[in-house]
Amino acid sequence: MHKFLLLMSFIPMSLQANFNFYKDLSLKEIDEEEFGQQLTKEIFNNETWPKNFEYNDKNYEVHYQLNEKLITKIKRELRRYGSDFASVVVIDNETGGVLAAVDYTKKNRKFGKSLSFASTNPAASVFKVITAAELLENTDISPETYFSYNGKATTLYKYQLRDRKNRWTRKIPLEKAFAYSNNVVFGKAALKNTDLSSLSKMANKFGFNQSLLQLIDVGDSELMNEQDRYALAELASGFNRKTNISPLHGAVIASVIANNGLLKRPALIKEVRDKNHNRTVWEPKFSVERVLSTETAAGMQHMMELTVKRGTARGAFRSRYMRKLRHLDIGGKTGTITGGFPYGKRDWFISYAKPKDGSNKGISICVMIVNVKKWYIKSTVLTKKIMEHYYDIQNG
């Protein structure tokens with residue numbers, strides 16, 4: 001009794017009237033790891049996003065970061081074009097909140113969410129973002145540095161990695177090699193200027209080999225880890241099927257560049273409430289990590305925006321199509337490769353779109369389309385439509 005009176009003496013009189021000793025001091029903090037594992041199972045064993053969850057005989061209410069209006073418009077586009085498989089993930093660059101994570105399967109005409117978080121997809125040329133960041137951050141290379149290459153830019157044969165020059169040799173700056181997704185230049189640049197250890201460290205900073213989401217466990221992206229010389233060129237250019245990422249991770253990579261080199265740890269959940277005691281038991285932490293210097297991030301933004309204006313994404317973003325998006329800075333990186341699970345030809349586009357006036361950091365989008373026999377819509381075209389929908393919603 002004396003202990004109770006001593007405790008009450010430290011509580012302001014204005015609060016004592018509403019203080020229930022036996023109720024409030026019996027509340028225990030949740031075991032976040034165990035709770036997260038159970039909630040992860042509940043989410044991915046359910047076709048919808050479950051809003052109520054039972055854990056240790058208590059009832060919890062789950063609130064998501066998801067933007068329902070945006071998701072409705074994304075579903076309309078996915079149903080309209082009917083790709084064999086498709087995934088769209090949208091992240092708010094300001095907060096790290098996951099605004100959309102939508103899958104579509106043509107065979108059964110169903111929407112889902114598992115593919116958006118599954119690291120079963122070869123990253124292809126998306127990985128060139130990590131290689132370019134490594135070269136700009138840790139070497140003397142700049143976007144204007146020239147490299148020579150022989151043969152087709154979209155292949156990567158061992159003979160192309162030899163440093164030989166003849167009448168068929170061409171020269172190209174790194175910025176154009178990035179914008180046009182030149183495998184040979186990226187393979188040669190990595191062999192001459194970095195190594196597997198340094199490139200792997202940069203990849204880890206971008207989220208490889210670590211859990212990306214707060215509270216929810218969706219597995220790690222896998223990094224190709226072979227030691228020979230040719231394997232380094234394959235890793236650096238994305239010309240392999242052993243570096244695997246999720247569409248969520250694709251959006252995170254783009255958001256690092258949009259956020260001037262900062263990785264904001266993404267969160268799918270906005271809040272978890274204990275319904276029995278009407279209290280919040282979990283909220284996302286604002287977790288920020290410096291991945292790149294602001295100078296390197298500016299160089300990456302330049303190259304990603306060049307990809308949209310003059311590179312492999314230019315078809316969808318020609319000036320005559322940009323009336324609704326003229327107020328935005330848009331950057332991105334494409335990638336194509338056959339393989340993965342589900343099996344098919346992957347068409348990647350990771351991108352960001354943010355206001356030119358700097359009022360906020362905008363959004364990052366990853367669109368991954370898997371075509372089995374034929375393609376129905378390009379990932380770049382679908383991304384542009386999603387950007388238009390998002391900013392239409394924002395503008396009321």
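In this chain, residues are counted from 1 in sequence order.
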Check residues 337-346 and write down every donor-acceptor pair under 3.5 Å in which the side-chain atom is one partner and the other belongs to a residue at least two apart or another chain.
residue	atom	partner	partner atom	Å
Arg346	NE	Asn121	OD1	3.0
Arg346	NH1	Gly339	O	2.5
Arg346	NH1	Pro342	O	2.9
Arg346	NH2	Asn121	OD1	2.9
Arg346	NH2	Phe341	O	3.3
Arg346	NH2	Pro342	O	2.8

Decide, yes or no, whether a salt bridge links [X] with [Y] under the criterion of side-chain N to carboxylate O below 4.0 Å.
X      : Y      : result
Asp92  : Lys361 : no
Arg279 : Asp274 : yes
Glu54  : Lys58  : no
Glu47  : Lys110 : yes
Asp329 : Lys354 : no

Test log, rule salt bridge (charged side-chain N to carboxylate O under 4.0 Å, His left out), inputs Lys374 and Asp84: CA-CA 9 Å; Lys374 60 180 181 178; Asp84 293 300; over 6 Å; no
Do the side chain of [X] and the main chain of [Y] share a donor and acceptor less than 3.5 angstrom apart?
X      : Y      : answer
Tyr64  : Pro50  : yes
Tyr180 : Arg310 : yes
Ser246 : His249 : yes
Asp392 : Asn395 : no
Asp347 : Lys378 : no
Asn93  : Ser255 : no
Thr296 : Leu292 : no
Asp228 : Ala231 : yes
Thr105 : Lys107 : no

In terms of side-chain heavy atoms, does [X] have a donor or acceptor partner in [Y] at a distance below 3.5 Å?
X      : Y      : value
Glu222 : Ser119 : no
Ser198 : Asp195 : no
Asn52  : Asn59  : no
Lys128 : Ser125 : yes
Asn193 : Glu134 : no
Ser351 : Thr383 : no

Can you confirm whether or not the ring centre of [X] sits under 6.0 Å from the ring centre of [Y]?
X      : Y      : answer
Phe127 : Phe208 : yes
Phe117 : Phe44  : yes
Phe35  : Tyr60  : yes

Qualifying side chain to side chain donor-acceptor pair (under 3.5 Å) pairs with a residue from residues 313-328, counting only residues at least two apart or across chains: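 Sorted result for residues 313-328: empty, none.
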Close side-chain approach of Glu175 to His302, heavy-atom, < 4.5 Å: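 A side-chain contact exists here, since the closest heavy-atom pair is under 4.5 Å.
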Any pair counted as salt bridge (Lys or Arg N to Asp or Glu O under 4.0 Å), so long as it reaches residues 252-272, sequence neighbours left out: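 Salt bridge (Lys or Arg N to Asp or Glu O under 4.0 Å) check on residues 252-272 returns Arg265-Glu289, Glu271-Arg273.
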Over-ring placement of [X] relative to [Y], 6.0 Å and 45° cut-offs:
X      : Y      : result
Lys106 : Tyr376 : yes
Lys333 : Trp348 : no
Lys158 : Tyr230 : yes

Hydrophobic cluster identity match, [X] and [Y], side-chain contacts under 4.5 Å:
X      : Y      : answer
Ile363 : Ile386 : yes
Val288 : Tyr352 : no
Ile130 : Leu306 : no
Val129 : Leu262 : no

side-chain contact (heavy atoms from CB on, under 4.5 Å) partners of Glu32, counting only residues at least two apart: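 Testing Glu32 for side-chain contact (heavy atoms from CB on, under 4.5 Å), a comparison that skips the adjacent residues, returns Leu215, Trp282, Lys285.
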Counterpart residues, ring pair (Phe, Tyr, Trp, His ring centres under 6.0 Å), relative to Tyr104 (two or more places apart):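 Expected list: Phe111.
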Pairing residues for Arg80 by the salt bridge (Lys or Arg N to Asp or Glu O under 4.0 Å) criterion, not counting sequence neighbours: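 With sequence neighbours excluded, Arg80 shows a salt bridge (Lys or Arg N to Asp or Glu O under 4.0 Å) to Glu77, given in chain and number order.
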